[in-house]
Every structure is written in C-alpha cells, then in structure tokens.
Amino acid sequence: MSFNTIYFLLMSVRMAPRLPLIFLLMIQGVSSAGWGVSYSPSHICALKDSSVIMNCTYTYPTGHQIRKVFWTNNHKKGEESPDLSEDPEYSQRLQYLGDKQQNCTIRLSHVTQKDEHMYYFKFITYSSDGKWTGYPGVTLTVTDLQVESPERVTEGHNVRLTCKSSCALTDRATFIWYRNSQPLTERRDGNNQLLLQSVRREDAGRYSCALHGHTYISPAVQLSVMYPPKSVSVSISPCCEIVEGDSVTLNCSSDSNPPAEITWFKGETFVGSGRIYSISKISSDHSGEYKCKSRYEHGEKYSDAETLNVLSVRCFSSVAVAVAAAVGVLLGGASGAFVMYICLNKRMNRRSAMKESAISDPNEDTYTALELKSMTSDLYDTLSTVHPRPPGDSCRTLDPKHESPSINRKMLQ
C-alpha cells in the first residue's frame with residue numbers, strides 16, 4: 001500500500017469522524033487478504049478401517065516465515081488447539097504429507113467411527129500475531145457396509161442384492177461380492193448391486209461385500225432359495241425279504257426347501273406320516289407296495305413304489321424239511337441255508353411239543369403216541385400202540401414187526 005493511499009485514508013478519517021468503524025473493518029479485510037487455508041474436498045465419507053487423504057493448501061502474506069504447522073480437531077476460542085501428531089490416539093496413524101510453504105495435506109489411516117470430527121489445519125509464523133486456523137475444516141464421516149437382500153427367493157426368479165453404506169463414499173471404488181466367504185470374481189464392478197438371474201438352489205448361501213483394495217468386509221446375510229421336491233425315493237432297512245417278527249424301517253428321501261410334509265401309503269391306503277415309517281413285529285399282512293408323498297406349498301410329488309416281502313416260515317412235516325433241503329441244494333448259497341435252518345428249527349420245536357403231549361394221563365384211552373426211534377429217515381420207522389383197544393374195536397392194532405413198510409407208509413398217509 002503506497003504512502004499516498006495511507007495519507008488519503010487518514011485524511012478521510014479526520015474529515016468524517018462519524019465513520020471510523022467502517023474504515024477500520026475495511027483495513028482489517030485488506031490486511032487479512034493474504035492469509036487462508038483451502039481444503040479439497042471439505043466433506044469426506046470413508047470406509048471403516050481405510051485410509052483417508054485430506055488435501056490441503058495454505059497461504060500467508062509475504063515476509064512471514066512459518067514456525068509450526070499442525071492439524072487439530074478442536075477449535076474453541078480461548079483454548080489452545082492440540083496437535084494431533086502428539087495425541088496417542090492419532091500419533092501412529094497420522095502422517096503429514098505437506099511442507100512449510102503451501103502444502104498441508106495429511107493421511108489418516110485405520111479410521112473408525114471414533115474419528116468422526118471436523119479437522120482443521122493451523123500454522124504459526126514468527127510474527128507475534130502470525131497465527132492462522134483454517135475454519136471451517138474437513139468433515140470426516142466413517143461408514144461400514146451392509147448387504148441388503150430378501151431373506152428368501154423362489155428358484156427361477158431374479159433377485160437383487162445391494163451393498164449399502166450410510167454415506168456416499170468419496171473414493172470411487174470397485175465392489176467385490178462374496179458367497180460363503182468365497183469371492184465371486186465375475187461379479188466385480190463399480191455398481192454396488194449384485195443381480196442374480198434365474199436363481200438356482202446352488203445360489204443359496206451367505207453373501208457379503210467389500211471394496212477392492214480394502215480389508216473391510218461387510219457382515220454376511222443369508223439368502224435362502226426355495227425349491228420344490230425333485231427327487232423322492234423310498235429305502236427299506238433291512239433290505240430284501242423280511243422274516244415275520246422282525247422290525248422294519250422305511251425312509252423317505254425328499255430334497256426340497258423348506259422341508260416337505262411326508263405321508264406314507266400302502267397301495268392307495270394311507271398308513272402314516274413323517275420322514276421315517278417304522279413297523280415292529282412285522283407279519284405277512286404287512287407285505288405289499290409302499291410309497292411316500294412329498295407335499296410342498298406349491299405342489300406335491302410321489303416316490304416310486306417299493307415292494308416289502310415278508311417271509312412266513314411254516315414247516316410242519318418232514319416233507320417241508322425235504323423241500324427246504326432241496327432248496328438249499330439248488331440255491332447252493334446263503335439263502336437256501338437260511339431257509340433250511342428255519343425249517344429245521346421249526347420242526348425240532350414241533351417234535352418237542354409232540355413228545356410233551358404224549359406224556360399224559362395213562363387212564364385216558366383216547367391218547368396214542370408216536371414213538372420216534374430213529375431220526376435217520378424222513379419217515380417214522382415204528383408205530384406202536386400206547387393203549388391197545390379190545391378186539392372188537394373198530395380201530396386196528398398194528399404190530400410193526402409183522403407189517404410191511406408199505407402198510408406203514410399207507411397208515412402214515
């Protein structure tokens with residue numbers, strides 16, 4: 001400012017004593033024109049745990065020398081502003097990238113919600129009145145990511161998932177999507193939405209999102225895909241032929257979401273419900289074809305019928321034993337041996353019962369007994385009268401020693 005200008009202003013003040021305040025304000029504005037701080041941008045939305053760059057430039061009048069520069073987040077009149085580089089909460093995370101001339105840019109790393117403040121740059125010159133604070137400063141907002149998605153979708157429909165933040169992120173970033181913690185590399189783009197077309201059951205899982213180049217990953221959200229039963233089948237345990245008295249379990253396998261309602265049928269008759277149908281002490285009446293029905297909210301599906309064979313073993317005579325032996329020889333395997341074993345066992349039990357019945361009251365004339373003297377043949381060798389009748393009786397007394405084998409066979413028949 002030239003000497004003539006200053007002289008003119010002073011003379012004007014003397015000539016117009018009623019306007020001193022206005023001119024003093026004008027003088028303050030002129031003297032402050034060389035001081036200033038500029039931020040770009042002035043509002044920052046940063047992702048949690050990321051690093052933030054606060055771009056900053058400053059100016060001051062010619063002739064001043066910078067003594068100290070620092071950033072603070074406390075700008076209160078009458079209080080000394082703290083230097084964040086000396087604050088334990090910031091000292092390890094704050095890096096000054098500027099200089100002592102014009103650049104005052106800083107980097108703040110690993111930001112959290114606790115870092116949400118307005119930040120100011122302040123510089124001090126060697127002049128007694130050479131202090132300046134750049135107000136207003138940079139407003140920092142810290143956000144996380146959340147996946148917005150429907151809880152479930154029907155197979156074949158389209159579904160859209162959105163990766164949301166509480167504020168618009170300052171840095172333009174590429175979004176990455178994860179399903180069950182595995183990245184979907186084909187779904188990486190600048191759009192914060194994930195579109196799944198013609199959803200399949202394989203698309204079900206836990207989805208999360210992130211920004212490329214950042215370590216933070218959003219909490220996962222479960223997506224359930226609804227689908228009707230497609231494969232319904234029946235299995236029987238134990239398998240193959242079942243012996244009377246055994247227990248049997250029938251299991252209905254039905255793949256659907258949500259789990260379908262299961263009902264059981266023998267032929268066309270309803271017999272039970274539930275995924276497992278059990279029969280204890282099974283009898284020949286339980287033989288037949290069984291199937292299950294899987295009922296879904298949008299339809300139903302039947303399984304193929306499975307046949308349950310219940311083996312009834314009734315071996316009452318030596319003829320059955322012979323048949324069992326023949327079957328065992330013909331089959332020559334475990335099946336034939338199994339049938340023969342059961343038949344022999346039944347026969348032995350029946351013989352025991354017959355012997356017990358022979359031991360009865362000796363005064364009874366009506367009881368006769370078969371005495372088994374040899375087990376080497378399928379036929380009884382002897383037939384003796386336990387209590388002979390008088391000669392006039394219509395029943396004939398046979399003496400096995402004098403009768404031919406053919407007569408004995410005829411009598412047995």
Side-chain angles (χ1 to χ4, degrees), residues 36-58 69-76 81-100 102-123 132-149 160-179 181-185 187-194 206-221:
V37 178
S38 177
Y39 306 99
S40 177
S42 59
H43 293 81
I44 296 178
C45 174
L47 182 62
K48 180 181 178 180
D49 203 37
S50 66
S51 295
V52 175
I53 300 293
M54 299 184 187
N55 294 301
C56 170
T57 58
Y58 65 104
V69 295
F70 63 95
W71 282 76
T72 183
N73 57 12
N74 183 15
H75 179 62
K76 295 182 179 179
S81 300
D83 184 351
L84 293 181
S85 64
E86 298 174 359
D87 188 332
E89 292 188 6
Y90 289 92
S91 59
Q92 300 299 319
R93 300 187 295 126
L94 185 65
Q95 182 182 6
Y96 185 74
L97 304 177
D99 51 35
K100 289 187 176 181
Q102 291 182 330
N103 192 347
C104 49
T105 301
I106 60 168
R107 176 190 289 116
L108 181 61
S109 60
H110 303 293
V111 296
T112 66
Q113 272 77 12
K114 293 174 60 178
D115 296 325
E116 292 186 333
H117 295 285
M118 181 176 284
Y119 293 83
Y120 317 91
F121 174 70
K122 187 171 184 177
F123 62 95
W132 190 265
T133 301
Y135 182 85
V138 179
T139 301
L140 175 62
T141 303
V142 179
T143 183
D144 58 6
L145 298 176
Q146 299 288 336
V147 175
E148 189 177 76
S149 167
R160 189 182 303 272
L161 289 75
T162 305
C163 187
K164 300 187 67 175
S165 58
S166 59
C167 57
L169 294 167
T170 302
D171 295 335
R172 186 172 181 82
T174 299
F175 287 84
I176 303 174
W177 287 91
Y178 296 84
R179 182 176 63 235
S181 301
Q182 299 300 316
L184 302 175
T185 54
R187 303 289 185 176
R188 180 179 300 183
D189 54 40
N191 192 346
N192 66 332
Q193 293 186 332
L194 173 65
R206 297 180 59 81
Y207 285 82
S208 55
C209 63
L211 293 180
H212 182 61
H214 295 265
T215 58
Y216 177 80
I217 301 177
S218 74
V221 172

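Every value quoted in this text rests on a predicted model; they were computed, and no experiment measured them.
Using a distance-only test at 3.5 Å, with no hydrogens or angles considered, a donor-acceptor pair links the side chain of D99 to the main chain of Q102. A donor-acceptor distance shorter than 3.5 angstrom exists from the side chain of T105 to the backbone of C56, with no hydrogens or angles considered. Within the 3.5 Å criterion, the main-chain N or O of L108 finds no donor-acceptor partner in the side chain of R93.
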Atom pairs and distances, side-chain donor-acceptor, residues 213-221, under 3.5 Å, sequence neighbours left out:
unit_1 : atom_1 : unit_2 : atom_2 : d
T215   : OG1    : D49    : OD2    : 3.0
S218   : OG     : C209   : N      : 2.9
S218   : OG     : C209   : O      : 3.4

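Heavy-atom minimum distance, C104 versus Y96: CA-OH, 3.5 Å. Considering every non-hydrogen atom in both A46 and L169, the closest pair reads C-CD2, 4.2 Å. When all heavy atoms of M118 and G137 are compared, the pair lying nearest together is SD-N, 3.5 Å. The two residues T72 and P82 come nearest to each other via the heavy atoms OG1-O, 2.9 Å.
Counting heavy atoms of neighbouring residues, nucleotides and ligands inside a 6.0 Å radius, atom CD of Q95 exceeds 12 of them.
Note: W71 and Y58 fail the aromatic proximity criterion, with ring centroids not under 6.0 Å apart.
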(message) For L140 and N73: C-alpha separation, side-chain torsions, deciding distance, then whether side chain to side chain contact (heavy atoms under 4.5 Å, CB included) applies.
(response) CA-CA 11 Å; L140 175 62; N73 57 12; over 6 Å; no
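For the atom pair OG (S50) and CG (L211), the distance works out to 8.5 Å, reported to the nearest 0.5 Å. Note that CZ of R179 and OG of S181 are 11.5 Å apart. Values are rounded to the nearest 0.5 Å. The structure places OG of S40 at 13.0 Å from CE of M54, a figure rounded to the nearest 0.5 Å. Atom SG in C163 sits 10.5 Å away from atom CD in Q193 (nearest 0.5 Å). Note: T112 OG1 to H110 NE2 = 11.0 Å, rounded to the nearest 0.5 Å. Distance check: S208 OG to Q182 CD gives 10.5 Å after rounding to the nearest 0.5 Å.
Shown here are the side chain to side chain contact (heavy atoms under 4.5 Å, CB included) partners of T170, two or more places apart in sequence or in another chain: P41, I44, C45. Scanning for salt bridge (Lys or Arg N to Asp or Glu O under 4.0 Å) contacts around E148 gives K164, with sequence neighbours left out. With sequence neighbours excluded, no residue forms a ring-ring contact (aromatic ring centres under 6.0 Å, His included) with Y207. Considering only residues two or more places apart in sequence or on other chains, N55 meets the side chain to side chain donor-acceptor pair (under 3.5 Å) condition with none of them. Contacts of Q113 classified as side chain to side chain donor-acceptor pair (under 3.5 Å), with partners at least two apart in sequence or in another chain: none.
When side chains are defined from C-beta on, I53 counts as touching L97, because their heavy atoms get closer than 4.5 Å. Between Y119 and I106 the shortest side-chain heavy-atom distance does not fall below 4.5 Å. The shortest distance between side-chain heavy atoms of Y120 and V37 does not fall below 4.5 Å. V52 is not listed as a side-chain neighbour of D115, based on a closest heavy-atom distance of 4.5 Å or more. In this structure, S42 and T139 have side chains that are not in contact, with every pair of non-hydrogen atoms separated by 4.5 Å or more. In this structure, the side chains of V138 and F121 stay at 4.5 Å or more apart for every pair of heavy atoms.
Among the candidates D144, T143, T141, the single residue satisfying the side chain to side chain donor-acceptor pair (under 3.5 Å) test with S166 is T143.
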